[in-house]
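Since the structure is predicted, the reported quantities are computational estimates derived from the model, not experimental observations.
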Amino acid sequence: MRFINETTLDRKTLDTLTKIGGQTVKRRQVLFLRLLCLGIGLSGLFLGFFYNTQSPIVSSLAQVYGVIFFVAGIFWYPVQSFANIPAGLQKEVRTMEFTDKGFYSLPPKGDHVFLYEDLKALVQSEFWFVLFWDEKHGLILDKETFLEGTPEEFYTFIQEKTGLMFHNIK
């Protein structure tokens, strides 16, 4: 069995990859950091109001930092995408071929073949498949751009090859 997928990597695609990673393989870490930001933000706002009459400069700084951390905690995924994705990102089309022995990019970049047993998590959303090696490395595939094979066949194929089940998210 052979599958070929051609996915356009742009800001929207990489934002989606960041969000899916945060909802699945990095869930605990993201939850901890969001709660930490919210806690620091609320502490800064509280201290800013508390010290308002005693030290206006400290109060103002605490309030500014409180707002920054609180907003970062609420809008975590856009903040993460902004921090992780280069500003001058150009669209790039990546074509991947999946065979019985492994998968690789087309045209091949060297002799590197990715092995199915190295994958740690499979995630599926309405429009995407995401294959994760670890918390920081994943491969996103657009379900609508299979040049060979169908998304339904790929779903079954990759689960059989990895021994993993897909985690479904919205």
Side-chain angles (χ1 to χ4, degrees), residues 5 7-94 96 103 105 112 114-145 151 154-155 158-159 161-170:
N5 179 277
T7 298
T8 301
L9 298 178
D10 55 10
R11 180 166 286 284
K12 179 184 168 225
T13 305
L14 296 177
D15 281 347
T16 302
L17 179 60
T18 299
K19 186 173 183 178
I20 289 173
Q23 292 173 341
T24 56
V25 295
K26 292 179 78 173
R27 185 177 180 93
R28 287 184 182 157
Q29 179 184 7
V30 167
L31 181 61
F32 172 76
L33 291 174
R34 285 183 84 175
L35 290 173
L36 181 65
C37 282
L38 290 170
I40 291 171
L42 287 174
S43 298
L45 290 171
F46 176 75
L47 289 173
F49 288 119
F50 180 72
Y51 283 107
N52 195 19
T53 57
Q54 297 168 346
S55 178
I57 293 174
V58 171
S59 171
S60 296
L61 285 173
Q63 288 176 3
V64 167
Y65 282 112
V67 168
I68 290 170
F69 276 97
F70 193 76
V71 168
I74 291 175
F75 299 105
W76 183 261
Y77 294 115
V79 169
Q80 279 299 103
S81 292
F82 180 77
N84 291 335
I85 299 172
L89 177 71
Q90 300 294 319
K91 274 188 179 181
E92 175 186 332
V93 176
R94 183 192 52 222
M96 298 295 294
F103 56 102
S105 64
H112 191 74
F114 297 101
L115 302 175
Y116 296 113
E117 56 262 20
D118 293 338
L119 294 174
K120 303 296 183 229
L122 305 176
V123 181
Q124 170 182 235
S125 71
E126 183 178 356
F127 302 107
W128 306 98
F129 288 123
V130 184
L131 317 176
F132 284 103
W133 284 272
D134 56 35
E135 291 180 351
K136 295 183 180 184
H137 300 95
L139 173 66
I140 189 165
L141 304 169
D142 187 338
K143 286 184 175 182
E144 298 177 2
T145 59
F154 181 77
Y155 178 89
I158 199 76
Q159 286 186 121
K161 289 295 180 186
T162 62
L164 301 170
M165 299 298 293
F166 268 98
H167 178 77
N168 296 306
I169 62 168
K170 294 184 180 204

Taking the side chain as everything from C-beta on, heavy atoms only, tell me whether [X] gets closer than 4.5 Å to [Y].
X: Trp128; Y: Leu17; answer: no
X: Phe114; Y: Leu119; answer: no
X: Ile158; Y: Tyr116; answer: yes
X: Gln159; Y: Met165; answer: yes
X: Leu131; Y: Leu122; answer: yes
X: Trp133; Y: Leu139; answer: yes
X: Gln23; Y: His167; answer: no

Closest heavy-atom pair, Lys143 versus Glu126, reported as atoms and distance to 0.1 Å, is CD-O, 3.5 Å
Side chains of Thr13 and Asp10 only: does a donor on one sit below 3.5 Å from an acceptor on the other? yes
Measuring from [X]:[atom1] to [Y]:[atom2], what's the distance to the nearest 0.5 Å?
X: Phe166; Y: Ser125; atom1: CZ; atom2: OG; result: 10.5 Å
X: Thr7; Y: Phe129; atom1: OG1; atom2: CZ; result: 10.5 Å
X: Leu141; Y: Phe127; atom1: CG; atom2: CZ; result: 15.5 Å
X: Met96; Y: Thr145; atom1: CE; atom2: OG1; result: 12.0 Å
X: Arg34; Y: Ile74; atom1: CZ; atom2: CD1; result: 8.5 Å
X: Lys91; Y: Arg11; atom1: NZ; atom2: CZ; result: 13.0 Å

Check for a donor-acceptor pair, side chain of [X] on one end and backbone N or O of [Y] on the other, with a separation under 3.5 Å.
X: Asp134; Y: Lys120; result: no
X: Arg94; Y: Thr8; result: no
X: Ser59; Y: Ser55; result: no

